[in-house]
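Here is how names work: the chains are called A, B, and so on, in the same order as the sequence lines, proteins then strands, and each is numbered from 1.
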Amino acid sequence: MSTATASSPSSSRTTLRNTVIRLAGNSQDGIQSIGGFLARLAGRTAQEVMTYMTIPSTISGGPSIFQVHLGSGEVLSAGDESDVLVAFYQHSYDDHLNSLRQGGICFYDSGEVTELKQERGIHHIGIPFTAATVEAIGGSAKDRGKNLFVLGMLCSVFHLDKEKLVGIISKQFGKKDESVLRNALLAFDAGFGYSVGDVEQFALAPGEATDDGHRISTDGNQMLTMGLLAGGVRYGAAYPITPWSSIMETLRSELPKFGGIYVQAEDELSAVCMTIGAAFAGHLAITGSAGPGLSLKMEALSYASMAELPLIVVNVQRGGPSTGLPTNVEQSDLMQAIYGSHGDCPRIVLAPKDVEDCFYIAFEACQLARKYSCPVIILSDQALSSRIEAFHEPDLDKYWLEPELDISPRGEDFKPYPLDKITRHAPPGSKIASGKYPIVTGLEHDEWGHPSGSPKMHTAMTAKRREKLVKLAEELPAPAIHGDQEGDVLLVGWGSTFGPIKESTDRLRAEGHKVGAIHIRHLHPLPGGVEAILKRFKHVAVVEMNDSGLYGYGQLAMLMRARYALPHIQSVCKTDGLAYRIREIVTAVEKILAA
Amino acid sequence: MSTATTAVSTTAAAPADKLTKKMLTADHPTWCPGCGDFAVLNIFYRVLEKLQYPQEKIVCVAGIGCSSRFPYFMNTHGIHFIHGRALPLATGVSLSRPDVHVFVFGGDGDGFSIGGNHLNHAARKNIKLTYVIMDNFVYGLTKNQTSPTTPVGRKSKTDPTGSIDRPINPMKQLLATGATFIGRTHAAQVKHMEAMFERAILHDGFSVVECLSECVMFYPGAFDDSTPRKGGNFETIDETQHDVTDDVAAFKLADNLAPGKFGVFYQVKRPTKNALEQKWIDDTQAKLGGASQKDILRKRFEAMR
Ligand SMILES: Cc1ncc(C[n+]2csc(CCOP(=O)(O)OP(=O)(O)O)c2C)c(N)n1
Ligand code: SF4
Ligand SMILES: [Mg+2]
């Protein structure tokens with residue numbers, strides 16, 4: 001076996017606190033799975049980890065990347081620049097070389113990549129991934145398994161915990177045919193044993209040992225689903241769409257264990273209506289989709305506001321409008337979530353800030369839907385849906401809501417729509433002492449649910465539906481400020497931009513600017529106390545992944561300007577369908593400061 | 001419910017009252033005097049009196065339309081939903097509450113037009129419920145537009161020179177959906193209607209009855225050809241001659257519905273989705289050895305370590 005053609009990088013062995021590895025190939029090469037193994041390994045060794053991937057939306061495959069940010073410090077983003085690039089093809093090399101930092105290392109398949117660019121002190125290390133894999137496994141493997149070869153190679157280069165990694169691989173492939181696991185390990189060992197030359201300076205520092213509970217690593221869609229299950233959701237219906245589908249798939253296969261049912265409906269209209277049916281029947285129920293499907297649910301969502309039924313709706317946002325960029329990230333459904341229906345129909349809108357928070361947001365959505373008897377929309381996004389992070393396992397003794405169906409008899413004075421109280425429906429099966437059974441309705445109604453066209457009643461009932469959410473706003477805690485508590489610029493974000501905004505804040509402060517950041521998890525209603533925070537900074541920059549629109553403001557910026565009427569609220573937007581890089585935010589803020 | 005899905009909080013039930021028409025009567029119907037829907041309502045009271053389900057276990061569901069106002073006139077648990085989507089809503093109720101009886105009411109526009117695709121899927125899934133389509137061949141609530149059952153040539157506000165689109169054949173349409181009970185009746189034939197409703201309700205599965213119900217306001221005389229006192233002919237299906245389990249025969253029987261025959265066109269036994277889902281739940285839970293719900297979720301987290 002030939003040794004690698006390495007132009008050897010500088011010698012001394014250093015310990016990296018953070019390493020960003022970008023794997024670039026085609027989707028069928030299994031780079032997602034080895035990226036996932038690395039992320040899981042990081043979770044098990046108490047390292048921080050965040051991943052980022054692109055997947056072509058065509059099923060036949062195509063260029064695809066998986067980026068893993070491993071570190072023993074706090075990992076907030078998937079990383080702007082990579083330290084290591086693994087290029088499986090010439091096109092991977094050509095497209096991703098510029099993501100590599102100065103002096104970074106590029107491992108490439110020397111049987112595929114033939115034209116190299118010697119630039120920015122990048123170290124090139126050519127290894128025949130394909131040929132060496134075939135040699136290790138035998139001709140029948142063709143080039144399958146080269147992903148594991150690469151994993152083995154990275155394991156030795158970074159001195160990763162081989163035993164744990166082999167354990168993870170065995171768990172994954174052990175379920176299949178014996179030969180599958182054997183071949184996987186053969187490829188892994190070949191990569192591990194392959195002499196890559198003098199690059200041994202990359203040993204990844206182990207994370208601090210943790211003893212308070214277990215660490216898990218998974219993606220946002222999984223955590224959202226777990227939050228719903230912990231929050232007592234047992235019924236619902238949906239229609240498949242990327243990047244929402246994995247939530248409904250998990251609910252469909254998990255709920256029977258909990259005695260519940262998840263229905264695949266014929267379309268999103270039916271899905272939301274079935275879910276409202278389960279809510280009317282007295283259960284906490286959930287539907288979900290991506291942007292296009294949320295649009296289809298809008299009529300029924302207005303109904304749920306009017307009829308005051310608890311309901312959870314998840315929207316895993318992707319690039320729009322229309323089919324748009326189905327596998328990219330965007331935050332362009334905020335206005336749709338808050339205002340996208342006919343009539344005045346107040347509802348709650350929440351957004352998780354990272355993968356771990358998907359659990360807690362979903363759990364909170366369950367509490368709020370029950371408490372305020374109205375729809376709650378969770379705005380997740382494509383980036384959160386698929387990226388893997390490691391964090392502590394939620395404590396189910398603290399976060400657990402027993403599903404409850406309350407069909408106890410209701411007293412003489414039972415009214416479904418009391419003007420002075422939050423609606424608490426009496427689901428079918430409840431006896432009503434007065435003998436007058438309630439009707440749940442979408443027509444404007446009086447306190448007993450009888451249709452009423454009275455101008456007074458419509459005004460009073462509109463206020464009833466609005467005021468409960470005004471009350472909620474008062475109960476919500478003001479967001480905590482990260483960084484400076486007052487100063488030059490306040491960064492405001494929502495959703496999956498949490499990490500990049502926080503990291504940008506740290507970088508700007510290191511540059512000497514007085515910068516703070518708040519993250520809005522409760523988007524509608526906005527929590528109290530925000531206005532005072534905004535006023536403590538010279539500039540407010542709302543950072544969003546959506547268009548600045550006809551008036552120059554992104555969706556949250558527009559709302560905040562309307563809500564607080566503060567002219568120093570500005571907008572930082574982008575529409576490239578990719579997660580924010582730190583550099584992009586820092587540059588935008590520097591521009592604001594210079595103006 | 002055979003599995004303890006949810007904690008049910010209820011105190012001891014009072015001795016069962018006998019269910020009477022008086023108890024079942026709610027708001028006075030807002031229908032035009034003479035509307036066929038009155039008779040449907042009256043017969044429904046009568047059938048429920050006969051079946052004696054506990055009042056609190058009866059659920060009436062409807063979309064939007066004159067006929068869809070039905071739940072307001074029933075003193076039972078009810079929900080007046082949105083146009084065309086009563087069936088998905090009722091599906092959610094039926095699947096999540098095996099302890100209640102679900103009845104759905106609506107018009108021809110609600111069921112065959114805006115809600116047409118939901119009908120296909122609720123029927124093929126064989127959701128346990130009973131659905132009465134009050135077919136008046138017109139849009140009543142919105143005041144006289146063409147409906148999917150309006151005959152060709154009939155003038156309406158949207159077809160001022162007469163309808164040009166071929167109407168659907170409700171029986172053939174329903175046969176194609178996979179519904180397991182399909183009946184056809186007439187609001188002016190109360191005895192027949194009563195028998196149809198009762199059989200539909202007692203059917204274990206998705207049962208649907210098309211009930212011709214005259215809109216005296218916008219389409220008076222629509223059903224004279226099947227109303228004997230108006231010189232028409234009300235012909236019922238002779239079940240000694242028609243095998244109700246034979247869908248090809250039912251299809252043939254539905255060839256001409258002007259005015260056609262009345263009765264049960266089709267009825268077969270097929271497991272409901274309700275039962276199939278419950279079986280999946282039972283099989284799944286049997287493998288879990290009585291683990292608590294919290295522990296089941298904990299196991300999921302363990303797999304993510
Ligand atoms: C989304 C929506 N589209 C349209 C309407 C208006 N609309 C209400 S009822 C109806 C048709 C009713 O006809 P049908 O279902 O046959 O009931 P009928 O009044 O004849 O009993 C229409 C078009 C509506 N309420 N909602
Ligand atoms: S408009 Fe027609 S269908 Fe509606 S209530 Fe009057 S008669 Fe009945
Ligand atoms: Mg009609």
Side-chain angles (χ1 to χ4, degrees), chain A residues 43-44 214-218 222 226 229-230 234-235 237 254 256-261 263 265-267 269-270 273-278 280-283 285 299-300 303 393-394 396 400 402-409 427-432 435-443 450-451, chain B residues 1 3-11 13-14 23 26-27 54-59 61 64 71-72 74-82 85 87-97 99-100 117-118 120-121 273 277 280-281 283-285 288 293-294 296-298 300-302 304-305:
Chain A
R44 287 206 183 167
H214 294 285
R215 283 166 55 87
I216 55 174
S217 45
T218 189
Q222 283 298 311
M226 297 303 114
L229 292 171
R234 296 294 180 266
Y235 294 95
E254 285 302 308
K257 299 180 192 167
F258 298 84
I261 300 175
V263 181
E266 59 272 23
D267 56 35
L269 294 82
S270 178
C273 297
M274 288 177 182
T275 308
I276 292 176
F280 163 73
H283 305 290
E299 187 200 4
Y303 178 90
E393 184 178 316
L396 288 182
W400 181 263
E402 211 49 59
E404 194 205 352
L405 173 64
D406 179 10
I407 52 171
S408 58
S430 327
K431 279 182 176 261
I432 311 292
K436 296 248 169 287
Y437 278 80
I439 175 134
V440 172
T441 171
L443 276 168
H450 296 296
Chain B
M1 245 184 270
T3 48
T5 303
T6 40
V8 177
S9 56
T10 174
T11 56
M23 286 162 68
D27 302 0
Q55 187 173 16
E56 73 278 8
K57 300 278 189 198
I58 301 167
V59 185
V61 178
I64 299 291
Y72 290 112
M74 293 293 308
N75 187 30
T76 62
H77 284 286
I79 179 164
H80 186 219
F81 194 45
I82 56 177
R85 323 275 172 221
L87 279 179
L89 186 121
T91 299
V93 181
S94 174
L95 289 177
S96 70
R97 290 295 301 278
D99 57 324
V100 301
N117 195 39
H118 303 317
N120 287 328
H121 293 276
K273 182 175 178 68
E277 293 285 346
W280 190 27
I281 291 172
D283 292 350
T284 308
Q285 291 189 329
L288 294 171
Q293 296 203 356
K294 214 190 264 184
I296 296 168
L297 198 57
R298 281 212 180 93
R300 279 291 307 208
F301 284 133
E302 264 167 41
M304 296 174 187
R305 281 180 197 160

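Of the atoms belonging to B:L288, it is side-chain heavy atoms, and not backbone ones, that fall under 4.5 Å from chain A. For A:A300, the parts lying near chain B are the backbone and the side chain together; criterion is any non-hydrogen pair under 4.5 Å. No part of A:T275 comes within reach of chain B, as not one of its non-hydrogen atoms sits under 4.5 angstrom from that chain. Only the side chain of B:D27 comes within less than 4.5 Å of a heavy atom in chain A; its backbone stays farther off. With a 4.5 angstrom heavy-atom cutoff, B:R300 touches chain A only via side-chain atoms. Contacts of B:V59 with chain A are made by side-chain atoms alone, with heavy-atom separations under 4.5 Å and no backbone atom involved.
With hydrogens and angles disregarded, a donor-acceptor distance shorter than 3.5 Å links the side chain of A:H283 to the backbone of B:S96. In this structure a side-chain-to-backbone donor-acceptor pair under 3.5 Å is present from B:R97 to A:A281. In this structure a side-chain-to-backbone donor-acceptor pair under 3.5 Å is missing from B:N75 to A:K436. Of the possible donor and acceptor atoms, none in the side chain of B:H121 sits under 3.5 Å from a partner among the backbone N and O of A:D267.
The two residues B:L297 and A:M226 have their closest heavy-atom pair at CD1-SD, 3.7 Å. Residues A:P427 and B:H77 come closest through the heavy atom pair O-CE1, 3.4 Å. Listed here is the closest heavy atom pair of A:C273 and B:F81: SG-CE2, 3.4 Å. Residues A:I439 and B:Y72 approach most closely at CD1-N, 3.8 Å, considering heavy atoms. The shortest non-hydrogen separation linking B:Q285 to A:F258 is NE2-C, 3.7 Å. Of all heavy-atom pairs spanning A:I261 and B:I281, the tightest one is CG1-CD1, 3.9 Å.
For the pair A:H214 and B:F301, the minimum side-chain heavy-atom distance is 4.5 Å or more. A:L443 is listed as a side-chain neighbour of B:H80, based on a closest heavy-atom distance under 4.5 Å.
Considering only heavy-atom pairs separated by less than 4.5 Å from chain B, the leading option among A:E299, A:M274, A:H450 is A:M274. Most heavy-atom pairs under 4.5 Å with chain A, from the set B:K273, B:R298, B:K57, B:E302: that is B:R298. Interface summary for chain A: among B:I64, B:L87, B:N117, the most heavy-atom pairs under 4.5 angstrom belong to B:N117. In terms of heavy-atom pairs under 4.5 angstrom with chain B, the leader among A:A265, A:A285, A:A278, A:A230 is A:A278. Among A:L229, A:T218, A:I432, A:I216, the residue making the largest number of heavy-atom pairs under 4.5 Å with chain B is A:I216. Between chain B and the residues A:P438, A:G429, A:S217, the largest count of heavy-atom pairs under 4.5 Å involves A:G429. For the set A:S270, A:P428, A:G442, A:P394, the count of heavy-atom pairs under 4.5 angstrom toward chain B peaks at A:P428.
Looking at B:V93, B:I82, B:L89 one by one, the single match for side-chain contact (heavy atoms from CB on, under 4.5 Å) with A:I276 turns out to be B:L89.
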Exercise for review: Take A:E393 and B:R305, measure what side-chain contact (heavy atoms from CB on, under 4.5 Å) needs, and give me the verdict at the end.
Suggested key: CA-CA 9 Å; A:E393 184 178 316; B:R305 281 180 197 160; 3.2 Å; yes

Point to revise | side-chain contact (heavy atoms from CB on, under 4.5 Å) assessment of B:E56 paired with A:Y437 | key: CA-CA 8 Å; B:E56 73 278 8; A:Y437 278 80; 3.6 Å; yes

